[in-house]
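Here the structure comes first, spelled out in structure tokens, and everything after it is commentary.
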Amino acid sequence: MLPIDAAAHSSRWRRRHPVDKAVLGLGLTVLAISLPPWPGAALVLLTALAVLLGPAGVPGRKLWRAYRVPLGFCVTGAATLLVQVGGPDGFLTLADEGPVRAGELLLRTSAASLGVLLFAFTTPMSDLLPRLVKAGIPAPVVDVALVTYRMSFLLLDSMRRIREAQAARLGHTTRAAAWRSLAGLGATAFVRAFDRATRLQAGLAGRGYDGTLRVLVPEARISVRFTAVSLALLATLAALTLVLERPLT
């Protein structure tokens, strides 16, 4: 199981309805994208961080491990705005207002990423996907997502076991051995993935699969109070942004 999925299953908000958490987490993401970067995205970033470490109870170390990957993409994307290619001053020069635009983009993307992580760290996919049918998503699409979600964990576990076996047989001692081990890992994982898919199809056919996977979904009700507080928080952030809005210079 992935660390973020394990954290979602042990979250304080595990038993809350996904709609409650979607209003808050995805609402923060929408604000980060739509509000002015300063101070809107900055306020969203601080709020999402406070909610994740506070009421949601996400451990800081786990949050950083999950956040550093999208943050790296955010920094990389923002860095490209610092320079411009071509022009009268040379092939590669500093862009006009590059630091300002880079800072605005970094604020927007990093804050939006935290909003998505808030939803991901509190909502297991096994709780979300089965409920998508009621939201109008076709059942076959949801079934494919459920199977893919399950198969991904099995494939990652197989790859981990293969790597451990290769390391025990000194498969990573030299560069040439490491490349051979990598090739063997890819080939074996490819074969095992198809083998597992074939066995899964045979198992479903033997159990009378009629085109719909029926799974047990934990009972949960939409909390009017939680949703109202979330909407009030989002409205407060929007109003505070309009009051404090200043150019990022």
Side-chain angles (χ1 to χ4, degrees), residues 1-9 11 13 18 21-54 56-87 91-125 128-129 132 144-145 148-149 151-153 155-157 159-160 163 182 185-186 189 234 237-238 241 247-249:
M1 182 177 292
L2 296 176
I4 191 170
D5 197 70
H9 279 277
S11 171
W13 293 351
K21 295 170 283 190
V23 170
L24 179 58
L26 302 184
L28 289 172
T29 301
V30 172
L31 287 183
I33 297 173
S34 57
L35 291 178
W38 180 262
L43 291 175
V44 171
L45 189 148
L46 294 176
T47 302
L49 190 61
V51 174
L52 278 163
L53 299 178
V58 178
R61 181 174 298 179
K62 292 183 178 180
L63 176 60
W64 169 244
R65 287 180 179 178
Y67 185 48
R68 63 186 178 182
V69 176
L71 183 61
F73 284 100
C74 297
V75 173
T76 303
T80 59
L81 298 179
L82 296 175
V83 297
Q84 63 181 8
V85 179
F91 177 75
L92 186 66
T93 58
L94 295 177
D96 295 336
E97 300 184 355
V100 175
R101 294 181 179 178
E104 291 177 347
L105 180 61
L106 183 59
L107 280 176
R108 283 189 186 276
T109 53
S110 57
S113 299
L114 277 179
V116 175
L117 286 178
L118 174 59
F119 182 73
F121 264 106
T122 56
T123 310
M125 294 298 292
L128 175 64
L129 290 177
L132 293 180
V144 171
T148 304
Y149 175 70
M151 290 291 291
S152 62
F153 288 112
L155 181 60
L156 289 174
D157 183 66
M159 294 177 64
R160 179 184 61 81
R163 286 185 60 86
L182 181 61
L185 173 63
L234 297 176
L237 289 174
T241 299
L248 188 61
T249 54

Rounded to the nearest 0.5 Å, what separation is found between the OG1 atom of Thr80 and the CG atom of Leu105?
-> 7.0 Å
Gap between atom CZ of Arg163 and atom CZ of Arg160 - 0.5 Å precision = 11.5 Å
Is there a side-chain contact between Leu24 and Trp13, using heavy atoms and a 4.5 Å cut-off?
-> yes
Which atom of Met159 lies closest to which atom of Ala189, heavy atoms considered | CG-CB, 4.1 Å
Contact check, side chains of Phe121 and Ser11, non-hydrogen atoms, under 4.5 Å | no
Grab the two heavy atoms, one from Ala32 and one from Ala112, that are nearest each other, plus how far apart they are.
-> CB-N, 3.6 Å
Indicate the atoms forming the closest heavy-atom contact of Ser110 with Leu71, along with that distance.
-> CB-CD1, 4.2 Å
Should Leu28 and Leu114 count as side-chain neighbours, where that means a heavy-atom distance under 4.5 Å?
-> no
Minimum heavy-atom distance Leu107-Pro37, with the two atoms named | CD1-O, 3.6 Å
Exam field: side chain Thr29 to backbone Val116, donor-acceptor pair closer than 3.5 Å | yes
How close do Ser113 and Pro70 get, heavy atom to heavy atom, and via which atoms?
-> OG-CB, 4.0 Å
Rounded to the nearest 0.5 Å, how far apart are CG of Leu31 and CG of Leu43?
-> 10.0 Å
Please examine the side chains of Leu128 and Phe119, heavy atoms only from C-beta on, and report whether any two atoms are closer than 4.5 Å.
-> yes
Look up atom CG in Leu118 and atom NZ in Lys21, then write down how far apart they are to the nearest 0.5 Å.
-> 9.5 Å
What closest approach, in Å, do Ala78 and Ala102 show between heavy atoms, and which atom pair accounts for it?
-> O-CB, 3.2 Å
